[in-house]
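Report on the following structure.
Values below: every heavy atom of this structure, side chains too, minus hydrogens, waters and symmetry copies. Only a predicted model underlies this, so the values are computations on that prediction, with no experimental measurement involved.
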Amino acid sequence: MMRLFAGLFCFTTTVFSAISPVLAETPLDAKIQRSAAKGIEFLKNRGQADDGSFSGETGAAVTALCVNAILQHRPQAINDPVIQKALAFISSKFQADGGIYATGSSHQNYETSVAIGALVRANKDGRYDSALKRAETFLKGLQWDEGEGIESSDPSYGGAGYGSHKRPDLSNTSFFIDALRDLGNEADDESLQKALKFVVRSQNLANEGNDTPHADEVNDGGFYYTPAAGGESQAGAAEGGGLRSYGSMTYAGLKSMIFAGVSADDPRVLAAMDFIRKHYSLDSNPGMGQAGLYYYYHTFAKALDAADVEVLDDASGTPHPWREELANHLIAEQQPDGSWVNKQSERWMEGDRQLVTAYALLALAYCRE
């Protein structure tokens with residue numbers, strides 16, 4: 001039919017030629033789709049247990065991440081038996097208190113937060129409306145605030161934790177913020193603004209909201225794990241004192257500030273971007289080496305996408321089209337069976353192919369042009 005039209009109406013052909021590059025899939029997108037298809041096939045054929053879970057020993061968490069990852073690339077897969085079985089497994093973790101977690105779990109915030117992300121994406125017919133409302137109430141009840149008997153001056157204020165530790169941390173607070181955003185909360189939501197106080201106290205930046213001693217000791221604009229209970233960095237102590245900033249938490253902090261309404265020209269965002277430029281890397285999680293590498297890739301991609309950054313100039317002035325660079329790097333690291341795995345470090349479960357494949361697929365979704 002197109003050939004007939006081309007032969008009869010040259011003008012029509014000219015119009016189609018002019019608009020087809022806009023509608024066509026880019027070469028990068030095509031590469032991502034091919035890679036994602038292999039990753040999804042791994043999860044469908046080799047990653048799912050008979051009960052519908054992906055790494056079910058983590059409760060709802062990894063299963064939810066896998067569902068979210070698959071639906072990011074294939075929204076039409078919502079009725080696929082693999083997705084339906086996984087959603088049934090997540091639904092089996094609905095608790096009477098509104099949380100979505102395995103009975104007896106010490107990671108209730110983490111499980112519920114990532115489950116919300118999957119259920120929001122799968123909620124095409126409203127079937128999860130009630131569960132999501134209850135989960136939102138549950139999450140906000142977990143937040144460290146006046147309900148725990150602390151004031152806004154406390155370094156724990158506004159944060160969220162796993163539940164297994166007696167203090168909140170930036171990683172869990174980042175998942176908490178993502179969940180509230182997925183649920184439609186705007187930046188001025190009270191819980192988001194409380195969370196922002198905790199996020200800012202996790203930044204090595206003096207005179208911009210971090211009123212803990214750690215801000216003055218390093219002051220490089222990066223982020224560490226938690227200011228609570230005396231403070232902690234998974235990257236350890238800095239030379240001369242203070243808590244070392246590291247890559248994954250800096251991207252988590254940047255993303256969280258943006259989702260809480262902090263503008264691109266705010267000194268806190270500018271300082272975080274300065275740290276990112278100085279430590280741009282796809283070979284390691286800056287400050288952590290190979291530990292948490294795929295968590296880092298996912299957070300890296302989501303943060304830069306949220307910040308509307310297309311090309312990032314590093315400290316030497318070298319431009320990095322990060323979407324293309326990260327996509328090519330992840331595709332090169334994909335295993336023959338379609339999965340991804342951190343071969344250098346199993347810390348934080350990155351020896352689990354289901355979890356790491358979900359992280360990689362989620363990162364690739366943000367690399368699409």
Report task. Show the numbers, then the answer: is there a side-chain contact (heavy atoms from CB on, under 4.5 Å) between E190 and N185? Result -> CA-CA 9 Å; E190 182 181 10; N185 290 276; over 6 Å; no

Report task. Check the pair K133, D129 against salt bridge (charged side-chain N to carboxylate O under 4.0 Å, His left out), reporting the backbone distance first and the verdict last. Result -> CA-CA 6 Å; K133 288 182 184 299; D129 284 352; over 6 Å; no

Query - Criterion side-chain contact (heavy atoms from CB on, under 4.5 Å) on L355 and L65, from CA distance to verdict - result: CA-CA 7 Å; L355 173 63; L65 288 169; 3.6 Å; yes

Report task. Might you work through the side-chain contact (heavy atoms from CB on, under 4.5 Å) test for K140 and L180, ending with a clear yes or no? Result -> CA-CA 9 Å; K140 289 184 175 181; L180 294 188; 4.0 Å; yes

Requested in this report: Test salt bridge (charged side-chain N to carboxylate O under 4.0 Å, His left out) on D145 and K194 and set out the steps.
Outcome: CA-CA 8 Å; D145 56 12; K194 288 179 181 180; 3.1 Å; yes

Report task. Could you walk me through whether Y157 and E146 pass the side-chain contact (heavy atoms from CB on, under 4.5 Å) test, one step at a time? Result -> CA-CA 8 Å; Y157 187 84; E146 290 81 2; 2.8 Å; yes

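Here CD of E232 is found 7.5 Å from OG1 of T226. Values are rounded to the nearest 0.5 Å. Between the CE atom in M349 and the OG atom in S55 there is a gap of 5.0 Å [rounded to 0.5 Å]. Annotation: the span from I70 atom CD1 to R121 atom CZ amounts to 12.0 Å, rounded to 0.5 Å. With values rounded to the nearest 0.5 angstrom, I116 atom CD1 is found 12.0 Å from N68 atom CG. Distance check, rounded to the nearest 0.5 Å: CZ of F176 to CG of N109 gives 7.0 Å. Here D178 contributes atom CG and S113 contributes atom OG; the two are 8.0 Å apart, rounded to the nearest 0.5 Å.
Checked against a 6.0 Å centroid threshold, the rings of Y294 and H298 do not count as neighbours.
Proximity of Q344 to L293: side-chain heavy atoms (C-beta onward) are nowhere separated by under 4.5 Å. By the 4.5 Å heavy-atom criterion applied to side chains, I177 and S174 are not counted as neighbours. Proximity of Y295 to E350: side-chain heavy atoms (C-beta onward) are separated by under 4.5 Å at one or more points. Using a 4.5 Å heavy-atom threshold, the side chains of V341 and E333 count as separate. Proximity of I78 to L87: side-chain heavy atoms (C-beta onward) are separated by under 4.5 Å at one or more points. In this structure the side chain of Y110 never reaches within 4.5 angstrom of the side chain of S171, judged on heavy atoms. Within the 4.5 Å cutoff, the side chain of M288 has no heavy atoms near those of the S284 side chain. Between Q95 and I100 there is no side-chain heavy-atom pair separated by less than 4.5 Å.
A salt bridge does not link D313 to R277: none of the charged nitrogens lies less than 4.0 Å from a carboxylate oxygen. A salt bridge does not link D305 with K255: none of the charged nitrogens is closer than 4.0 Å to a carboxylate oxygen.
Using cut-offs of 30° and 60° on the angle between ring planes, the pair F300 and W322 is perpendicular. Ring planes of H107 and Y162: perpendicular class, angle over 60° (limits at 30 and 60°).
Atom CG of D125 sits in a crowded spot, with more than 12 heavy atoms from other residues, nucleotides or ligands closer than 6.0 Å. For CD of Q76, the number of neighbouring non-hydrogen atoms (other residues, nucleotides, ligands) closer than 6.0 Å is greater than 12.
With hydrogens and angles disregarded, a donor-acceptor distance shorter than 3.5 Å links the side chain of N123 to the backbone of Y128. Remark: side-chain polar atoms of Q143 are paired, donor with acceptor, to backbone N or O of G158 under 3.5 angstrom.
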Which pairs would a plain distance check flag for residues 257-267, meaning a side-chain donor or acceptor within less than 3.5 Å of a matching protein atom at least two apart in sequence or in another chain?
unit_1: S263; atom_1: OG; unit_2: D265; atom_2: OD1; d: 2.6
unit_1: D266; atom_1: OD1; unit_2: R268; atom_2: N; d: 2.8
unit_1: D266; atom_1: OD1; unit_2: R268; atom_2: NE; d: 2.9
unit_1: D266; atom_1: OD2; unit_2: R268; atom_2: NH2; d: 3.0

Could you go through residues 241-249 and list every donor-acceptor pair under 3.5 Å that involves a side-chain atom there, pairing it with any protein atom two or more places apart or in another chain?
unit_1: R244; atom_1: NH1; unit_2: A235; atom_2: O; d: 3.0
unit_1: S245; atom_1: OG; unit_2: N204; atom_2: ND2; d: 2.8
unit_1: S245; atom_1: OG; unit_2: D220; atom_2: OD1; d: 2.7
unit_1: S245; atom_1: OG; unit_2: D220; atom_2: OD2; d: 3.3
unit_1: S248; atom_1: OG; unit_2: N285; atom_2: ND2; d: 3.3

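With no hydrogens or angles considered, a side-chain donor-acceptor pair links Y280 and E325 at under 3.5 Å. Judged purely by distance below 3.5 Å, without hydrogens or angles, the side chains of Q234 and R347 pair a donor atom with an acceptor atom. Side chain to side chain, K38 and Q335 fail the donor-acceptor criterion of an N or O pair below 3.5 Å. Side-chain contact, D314 with S316: a donor N or O sits under 3.5 Å from an acceptor N or O.
Sorted by first and then second residue, the salt bridge (Lys or Arg N to Asp or Glu O under 4.0 Å) pairs with a member in residues 68-77 read E41-R74; sequence neighbours excluded. Sequence neighbours left out, the pairs with a member in residues 76-95 that pass salt bridge (Lys or Arg N to Asp or Glu O under 4.0 Å) are K44-D80. For the salt bridge (Lys or Arg N to Asp or Glu O under 4.0 Å) condition, the pairs that include at least one residue of residues 196-212, sequence neighbours left out, are R201-D211.
Considering every non-hydrogen atom in both A160 and N172, the closest pair reads O-CB, 3.2 Å. F223 and V199 get closest at one heavy-atom pair: CE2-O, 3.3 Å. The shortest heavy-atom contact between P319 and V311 is CB-CG1, 3.7 Å. Taking each heavy atom of A69 and L362 in turn, the nearest pair found is CA-CD2, 3.7 Å. The two residues T250 and G222 have their closest heavy-atom pair at OG1-CA, 3.5 Å. Annotation for G230 and H214: closest pair O-NE2, 3.1 Å, computed over non-hydrogen atoms.
Residues forming a side-chain contact (heavy atoms from CB on, under 4.5 Å) with E310 (at least two apart in sequence, or on another chain): R323.
Under the 4.5 Å side-chain contact rule for hydrophobic residues, Y101 and L183 share a cluster. In this structure, L170 is not a member of the same hydrophobic cluster as Y224, with clusters built from ILVMFWY side-chain heavy atoms closer than 4.5 Å.
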